[in-house]
Amino acid sequence: MRTTKTILNSLLSLFFPETCCACGNPIVEGETFICLHCLCKLPLTGYHQHLSNPAEERFRGKFEYEKIASFLHFEKGGHAQKIVHQIKYKNNEVFGIWLGQCMAEEIAVSDFFSEIDLIVPIPLHKKKRKKRGYNQAEALASGISQKLGIPCNIENLQKIKANTSQTKKGRYERWLNSLETFMVRDTEIFANKHILLIDDVITTGATIESCVHCIQSNNNTKISVLTLAISH
């Protein structure tokens with residue numbers, strides 16, 4: 001049976017090779033989602049090792065936070081953009097979960113996750129979630145939760161306003177578009193907790209800011225933020 005399975009897998013790989021989610025080239029046995037060449041060239045930020053970093057500076061003075069970090073530098077045409085597009089537009093939820101696990105493994109060497117009580121992904125509006133099939137931030141959060149054993153809550157923070165796409169909006173337009181967008185269903189679930197908010201990319205930060213203000217209007221909640229990437 002093993003021999004037959006091995007032969008079938010080899011034939012499938014020959015005619016339908018898996019490709020790297022960063023460069024598109026076929027990946028070989030032992031590689032998962034990203035080829036070794038691209039894996040070595042990922043634009044890691046290392047922000048989790050520094051209390052003061054560009055991700056934190058983007059939100060300084062906008063709300064109270066404990067820690068903020070991003071995993072990758074996002075540049076147009078770069079590896080991070082291709083990776084984000086895979087989980088956001090290419091229906092690759094499993095890749096998102098795997099990326100979350102990679103983020104957790106890399107960052108866990110620091111004390112970034114210490115004292116985190118609950119992992120909460122930035123939610124999508126129910127219409128967009130239904131259209132896309134899943135929430136990419138939820139996939140990342142699931143991978144982090146699986147790796148660290150920290151519970152993940154996907155129900156309590158909800159997006160109640162189906163605002164228009166942020167992609168081509170400027171900083172002020174994004175901020176306006178994100179106002180009064182989110183709701184906390186049960187304030188007691190977040191009360192006296194240290195929550196780690198998860199999202200895919202920090203651009204202007206308007207969506208994250210809106211989420212944080214919604215959560216912090218409740219009972220003694222501490223906030224940290226982690227994203228897959230940050231744009232410059």
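For the numbers below, each heavy atom of this structure counts, side chains included, while hydrogens, waters and symmetry mates do not.
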request  = Report the C-alpha distance between Ser224 and Ile68 in whole Å, list the side-chain angles of each, state the deciding distance to 0.1 Å, and finish with yes or no for side chain to side chain contact (heavy atoms under 4.5 Å, CB included).
outcome  = CA-CA 6 Å; Ser224 288; Ile68 300 178; over 6 Å; no
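- Contact of the Ile87 side chain with the Leu228 side chain is registered, since non-hydrogen atoms from C-beta on lie closer than 4.5 Å.
- Linking Ile, Leu, Val, Met, Phe, Trp and Tyr whenever their side-chain heavy atoms come within less than 4.5 Å leaves Leu99 and Leu124 in two separate clusters.
- The environment of CD in Glu29 is sparse: at most 12 heavy-atom neighbours from other residues, nucleotides or ligands sit within 6.0 Å.
- Of the possible donor and acceptor atoms, one in the side chain of Glu31 sits under 3.5 Å from a partner among the backbone N and O of Leu36.
- Comment: Glu138 engages Arg129 in a salt bridge, judged by a side-chain N to carboxylate O separation of less than 4.0 angstrom.
- When side chains are defined from C-beta on, Ile215 counts as touching Ile195, because their heavy atoms get closer than 4.5 Å.
- Applying the salt bridge (Lys or Arg N to Asp or Glu O under 4.0 Å) criterion to Glu56, with sequence neighbours excluded, gives Arg60.
- Taking all atoms of both residues into account, the shortest heavy-atom contact from Asp117 to Pro151 is O-CG, 3.5 Å.
- With a 4.5 Å cut-off on side-chain heavy atoms, His48 and Glu106 count as touching.
- Taking all atoms of both residues into account, the shortest heavy-atom contact from Cys35 to Cys20 is N-SG, 3.3 Å.
- Gln101 places none of its side-chain heavy atoms less than 4.5 Å from the side chain of Ile144.
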key: side chain to side chain contact (heavy atoms under 4.5 Å, CB included) assessment of Ile107 paired with Phe112   = CA-CA 7 Å; Ile107 295 172; Phe112 187 87; 3.5 Å; yes
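- Considering all non-hydrogen atoms of both residues, Phe59 and Gly205 come closest at CE2-O, 3.4 Å.
- Around the NZ atom of Lys193, the shell of radius 6.0 Å holds more than 12 heavy atoms that belong to other residues, nucleotides or ligands.
- In this structure, the side chains of Lys67 and Ser114 come closer than 4.5 Å at one or more pairs of heavy atoms.
- Under a cut-off of 6.0 angstrom, the local environment of CD in Glu64 is sparse, with at most 12 non-hydrogen atoms contributed by other residues, nucleotides or ligands.
- The two residues Ile150 and Ser145 make their nearest non-hydrogen contact at O-OG, 2.6 Å.
- Around NE2 of His50, the count of heavy atoms belonging to other residues, nucleotides or ligands within 6.0 Å exceeds 12.
- The nearest pair of heavy atoms linking Glu155 to Asn153 is N-OD1, 3.1 Å.
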Donor-acceptor pairs are to be reported for all side-chain atoms of residues 75-86 against protein atoms at under 3.5 Å, with residues two or more places apart or in another chain.
unit_1, atom_1, unit_2, atom_2, d
Gln81, OE1, Gly77, N, 2.5
Gln86, OE1, Asn92, ND2, 3.2

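- Linking ILVMFWY side-chain heavy atoms closer than 4.5 Å, directly or via other members, places Phe113 and Phe71 in a single hydrophobic cluster.
- No side-chain heavy atom of Ile198 sits less than 4.5 Å from a side-chain heavy atom of Ile122.
- In this structure, Thr221 contributes its side chain and Phe190 its backbone to a donor-acceptor pair below 3.5 Å.
- Side-chain heavy atoms closer than 4.5 Å link hydrophobic residues (I, L, V, M, F, W, Y) into clusters, and following such links, possibly through other members, connects Leu148 to Trp98.
- Side-chain atoms of Val94 and Phe33, non-hydrogen and from C-beta on, do get closer than 4.5 Å to each other.
- Legend: salt bridge (charged side-chain N to carboxylate O under 4.0 Å, His left out) pairs involving residues 139-151, not counting sequence neighbours, sorted by first then second residue: Glu105-Lys147.
- Using modelled atom types, one finds no donor on one side chain facing an acceptor on the other under 3.5 Å when comparing Asp186 with Asn156.
- Under the 4.5 Å side-chain contact rule for hydrophobic residues, Leu72 and Leu140 share a cluster.
- A side chain to side chain contact (heavy atoms under 4.5 Å, CB included) with Leu197 holds for exactly one of Val212, Leu226, Leu118; it is Val212.
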message = Is there a side chain to side chain contact (heavy atoms under 4.5 Å, CB included) between His37 and Cys23? Walk through the geometry before answering.
response = CA-CA 9 Å; His37 177 72; Cys23 69; over 6 Å; no
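- Ring planes of His73 and His232: tilted class, angle from 30 to 60°.
- The number of heavy-atom neighbours closer than 6.0 Å to CG of Leu44, taken from other residues, nucleotides and ligands shown, is above 12.
- A donor-acceptor pair shorter than 3.5 Å can be found between the side chains of Ser70 and Thr227.
- Shown here for Thr204 and Lys62, the closest heavy-atom pair between the two residues is O-NZ, 4.1 Å.
- Clustering ILVMFWY residues whenever any of their side-chain heavy atoms sit less than 4.5 angstrom apart, transitively, puts Tyr47 in a cluster other than the one holding Leu196.
- Looking at Lys88 and Arg132, their side chains come closer than 4.5 Å, going by heavy atoms from C-beta outward.
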